[in-house]
Amino acid sequence: MSKYVTGLTYGGQEWTPKFVQEIDPMKCMGCGRCVKVCAQESLGIEMFEDEDDMQRMVAIISNKDACSGCQACGRVCVKRCHTFEPKLA
Ligand code: SF4
Ligand code: SF4
């Protein structure tokens, strides 16, 4: 049995979700692709003004609890800003 939280595919195959942990604001170019692709209605991530440069938008984790661990946001990010981890069961 996995020590991590697992899910099941429609066909009953087990998979291990990996939840978003961080988005690197130094690498983020503010394209917004990761926010658009997130399927969670109570978005786990959103665009926000950079604290050091109000002209610049960056992606932030706004509601970690909403993340389903699909990793879609990381897959569409050309800058590889996101890091993910499975959750201990
Ligand atoms: S996809 Fe990557 S570069 Fe674009 S907003 Fe998201 S984190 Fe930033
Ligand atoms: S891993 Fe999936 S659910 Fe979590 S923030 Fe990224 S796109 Fe949204």
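Counting starts at 1 for both ligands and their atoms, following the listed order. None of the values given here were measured: they were computed from a predicted structure.
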For atom 6 (Fe) of ligand 2, the protein heavy atom that lies nearest, with its residue and separation: Cys73 SG, 2.3 Å

Identity and distance of the protein heavy atom lying nearest atom 8 (Fe) of ligand 2: Cys38 SG, 2.4 Å

Nearest heavy-atom neighbours spanning Ser68 and Pro17: O-CB, 3.6 Å

Close approach of Val76 to ligand 1, heavy atoms, under 4.0 angstrom: no

Protein residue, atom and distance nearest to atom 2 (Fe) of ligand 2, heavy-atom basis: Cys70 SG, 2.3 Å

Validation row: Met57, Glu49 side chains within 4.5 angstrom (heavy atoms): yes

Straight-line distance of Cys77 SG to His82 NE2, nearest 0.5 Å: 5.5 Å

Contacting atoms of ligand 2, where contact means under 4.0 angstrom from a heavy atom of Ser68: 3 (S), 4 (Fe)

For atom 7 (S) of ligand 1, closest protein heavy-atom neighbour: His82 CE1, 3.4 Å

Cys31 N/O/S atom closer than 2.8 Å to atom 6 (Fe) of ligand 1: no

Minimum-distance protein heavy atom relative to atom 4 (Fe) of ligand 2: Cys67 SG, 2.4 Å

Atoms of ligand 1 close to Met29 [distance to a heavy atom under 4.0 angstrom, numbered from 1]: 3 (S), 8 (Fe)

Enclosure of Phe48 CZ (heavy-atom neighbours >12, cutoff 6.0 Å): no

Atoms of ligand 1, numbered as shown, that sit under 4.0 Å from any heavy atom of Cys81: 2 (Fe), 7 (S)

Value rounded to 0.5 Å, distance of CD in Gln21 from NZ in Lys87: 10.0 Å

Joint hydrophobic cluster, Val58 plus Val35, side-chain heavy atoms closer than 4.5 Å: no

From Ile45 atom CD1 to Lys36 atom NZ, the distance as rounded to the nearest 0.5 Å: 12.0 Å

Distance filter under 4.0 Å to Ile23 heavy atoms, resulting ligand 1 atoms: 7 (S)

Candidate pair Leu88 and Tyr4, rule side-chain contact (heavy atoms from CB on, under 4.5 Å), full reasoning: CA-CA 4 Å; Leu88 287 171; Tyr4 296 115; 3.7 Å; yes

Closest protein heavy atom (residue, atom, distance) for atom 5 (S) of ligand 1: Gly32 N, 3.2 Å

Least distance between heavy atoms, Thr16 atom then Pro86 atom: CG2-CB, 3.8 Å

Closest protein heavy atom to atom 1 (S) of ligand 2, given as residue, atom name and distance to 0.1 Å: Gln71 N, 3.1 Å

Numbered atoms and elements of ligand 1 in range of Cys34, under 4.0 angstrom, heavy atoms: 1 (S), 5 (S), 6 (Fe), 7 (S)

